[in-house]
Amino acid sequence: MKPGLKIGVVGKGGVGKTTISSLLARSFVGRGLRVVAVDTDSNPNLAMSLGLDLAATEAIPVLPRSLVVGRRGDCGVDELFDTYGVATPCGVTVLSALRVNEAGAGCTCGGHATVRSLLGEALEERADVTIVDMEAGIEHLSRSGGTLAHADILVIVMDPSRKSIVTAARTVALANELGIARCVAIGNKAQADDEQFFAVQCDELGVALVGVIPASAAVAEADRDGRQLAGDGPEIWGHIERLADLIVERVPA
Ligand SMILES: Nc1ncnc2c1ncn2[C@@H]1O[C@H](COP(=O)(O)OP(=O)(O)OP(=O)(O)O)[C@@H](O)[C@H]1O
Ligand SMILES: [Mg+2]
């Protein structure tokens with residue numbers, strides 16, 4: 001496996017980016033790896049999917065905007081992890097990058113610059129795998145330099161809607177322009193004949209579909225209660241393990 005593997009999880013709003021980010025992160029922890037999950041949502045809730053309660057989620061310190069990470073920057077990798085990294089009950093360390101704390105506080109460009117700088121650094125001293133749960137849409141790929149320009153691979157999540165697959169197609173085009181070499185597109189929340197739907201739509205729109213994750217009552221229930229998914233039992237874990245294997249295979253060591 002590539003040391004310091006960096007994964008960006010992207011897609012249209014509500015398709016399941018946070019769910020899949022948290023489950024992938026837990027899957028890599030289950031393999032004995034040190035995993036960092038970066039929440040780049042201005043309304044962050046990844047930490048709740050990793051087992052923190054609301055109070056602990058609200059207390060996560062937010063990375064300063066426009067921070068240049070690295071030996072010659074404002075803050076070294078160790079200082080960054082020690083100051084802003086928060087351990088979660090499932091063993092993943094979470095960083096919160098873009099939380100909006102104050103109305104009218106201005107744009108989040110500086111937060112995106114921080115994430116870009118973080119991913120540009122050699123993180124492998126502290127993290128075997130870094131997973132960035134991205135805010136919805138594709139704007140992060142258009143910002144100067146691209147927030148995820150240093151990611152090794154993008155996981156593009158889609159739900160059974162044509163719009164989410166159109167978003168995936170646009171994402172692949174922008175990722176190619178940015179020089180992000182690898183994208184994998186995964187269908188989520190599939191019911192009945194949705195596997196066929198994903199196959200047909202992705203084929204038409206030129207999106208390379210690598211797998212389909214079913215709609216899971218256990219995922220919906222965990223989210224309804226604001227807690228993490230149980231570690232064993234739900235059949236969705238098999239799909240997540242296969243996705244994790246595929247990511248490791250696709251990124252050369
Ligand atoms: N495989 C699944 N089965 C059932 N429900 C799911 C599945 N994946 C995600 N969901 C549900 O879909 C909703 C949106 O999921 P999630 O928050 O992960 O999406 P998101 O893409 O991160 O959203 P946002 O764009 O707001 O960040 C949640 O209620 C979640 O429980
Ligand atoms: Mg989300």
Side-chain angles (χ1 to χ4, degrees), residues 7-27 37-52 54 57-58 60 62 88 90 92 94-100 108 111-112 115 130-141 147-148 151 154-168 170-171 183-195 197-198 207 209-244:
I7 305 165
V9 179
V10 301
K12 191 177 174 302
V15 291
K17 298 176 293 297
T18 298
T19 302
I20 290 178
S21 297
S22 66
L23 299 181
L24 270 180
R26 291 173 64 190
S27 157
V38 185
D39 193 339
T40 67
D41 205 319
S42 51
N43 171 30
N45 46 34
L46 175 65
M48 290 175 82
S49 299
L50 296 170
L52 290 188
L54 178 60
T57 298
E58 299 290 45
I60 297 175
V62 182
T88 63
C90 65
V92 175
V94 71
L95 292 170
S96 179
L98 283 175
R99 183 192 172 110
V100 169
T108 58
H112 283 269
V115 175
T130 300
I131 298 180
V132 183
D133 173 21
M134 208 65 222
E135 197 162 33
I138 53 178
E139 198 208 344
H140 49 85
L141 291 166
T147 313
L148 292 175
L154 295 190
V155 174
I156 307 172
V157 184
M158 304 169 294
D159 65 6
S161 72
R162 187 167 165 87
K163 285 178 185 167
S164 79
I165 300 169
V166 169
T167 303
R170 291 175 181 150
T171 302
C183 293
V184 293
I186 184 115
N188 186 31
K189 305 197 212 183
Q191 305 190 39
D193 57 358
D194 287 337
E195 207 158 325
F197 170 84
F198 281 120
V207 173
L209 180 69
V210 299
V212 174
I213 296 175
S216 154
V219 168
E221 271 168 38
D223 250 345
R224 191 185 58 195
D225 298 344
R227 59 174 167 80
Q228 66 172 328
L229 183 70
D232 51 8
E235 56 142 353
I236 195 169
W237 283 111
H239 296 270
I240 297 296
E241 292 300 335
R242 279 195 288 285
L243 178 60

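Note that the structure is predicted; figures quoted are calculated from it, not measured. Atoms within each ligand, like the ligands themselves, are counted from 1 in listed order.
The two residues R26 and C90 come nearest to each other via the heavy atoms CG-SG, 3.7 Å. The shortest non-hydrogen separation linking A136 to K12 is CB-C, 4.1 Å. Considering every non-hydrogen atom in both I240 and S27, the closest pair reads CG2-CB, 3.9 Å.
Taking a cut-off of under 4.0 Å to the non-hydrogen atoms of G13, the atoms of ligand 1 that pass are 25 (O). For ligand 1 and D41, the ligand atoms under 4.0 Å from any heavy atom of the residue are 27 (O). For ligand 1, the atoms sitting less than 4.0 Å from at least one non-hydrogen atom of T18 are 18 (O), 20 (P), 22 (O), numbered in the order shown with element in parentheses. Near G14, meaning under 4.0 Å from any of its heavy atoms, are these atoms of ligand 1: 14 (C), 19 (O), 20 (P), 21 (O), 23 (O), 24 (P), 25 (O). Of all atoms in ligand 1, numbered sequentially from 1 with element shown, those under 4.0 Å from a heavy atom of A215 are 3 (N). Near A136, meaning under 4.0 Å from any of its heavy atoms, are these atoms of ligand 1: 25 (O). For ligand 1, the atoms closer than 4.0 angstrom to any heavy atom of I236 are 1 (N).
With contacts defined as side-chain heavy-atom distances shorter than 4.5 Å, the pair I186/I213 qualifies. Annotation: side chain of V92 is not in contact with side chain of I131 (no heavy-atom distance under 4.5 Å).
Residue V38 forms a side-chain contact (heavy atoms from CB on, under 4.5 Å) with just one option from L46, T130, V9, and that option is T130.
Given atom 28 (C) of ligand 1, the protein heavy atom at minimum distance is D223 OD2, 3.2 Å. Scanning the protein for heavy atoms near atom 10 (N) of ligand 1, the closest one is K189 CE, 3.8 Å. Among all protein heavy atoms, the one lying closest to atom 3 (N) of ligand 1 is S216 N, 2.7 Å. Scanning all protein heavy atoms for the shortest distance to atom 5 (N) of ligand 1 gives V219 CG1, 3.8 Å. Protein heavy atom nearest atom 21 (O) of ligand 1, with residue, atom name and distance: K17 NZ, 2.7 Å.
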* To do: Determine, stepwise, if the pair T171 / C183 fulfils side chain to side chain contact (heavy atoms under 4.5 Å, CB included).
  => CA-CA 9 Å; T171 302; C183 293; 5.7 Å; no
* To do: Test L23 against H239 for side chain to side chain contact (heavy atoms under 4.5 Å, CB included), laying out the working first.
  => CA-CA 10 Å; L23 299 181; H239 296 270; over 6 Å; no
* Can N188 and V15 be said to form a side chain to side chain contact (heavy atoms under 4.5 Å, CB included), step by step? -> CA-CA 7 Å; N188 186 31; V15 291; 5.8 Å; no
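Open room surrounds CD on E195; 12 or fewer heavy atoms of other groups in view lie less than 6.0 Å from it.
Contact annotation: T19 places no N, O or S atom under 2.8 Å from the Mg ion (ligand 2).
Using modelled atom types, one finds no donor on one side chain facing an acceptor on the other under 3.5 Å when comparing T40 with E135. D39 and S96 form no side-chain donor-acceptor contact under 3.5 Å, judged by distance and modelled atom types alone.
Residue P214 touches ligand 1 through its backbone alone, judged by heavy-atom distances below 4.0 Å. When heavy-atom distances to ligand 1 are checked against a 4.0 Å cut-off, N188 comes that close only through its side chain, counted from C-beta outward.
Between the choices T19, V10, N45, the shortest heavy-atom distance to atom 18 (O) of ligand 1 belongs to T19.
For a threshold of 3.5 Å applied to N or O pairs, the pair formed by G16 and ligand 1 contains at least one separation below that value. Not a single N or O atom of M134, backbone or side chain, sits closer than 3.5 Å to an N or O atom of ligand 1.
Under a 4.0 angstrom heavy-atom cut-off, G11 registers as lying outside contact with ligand 1.
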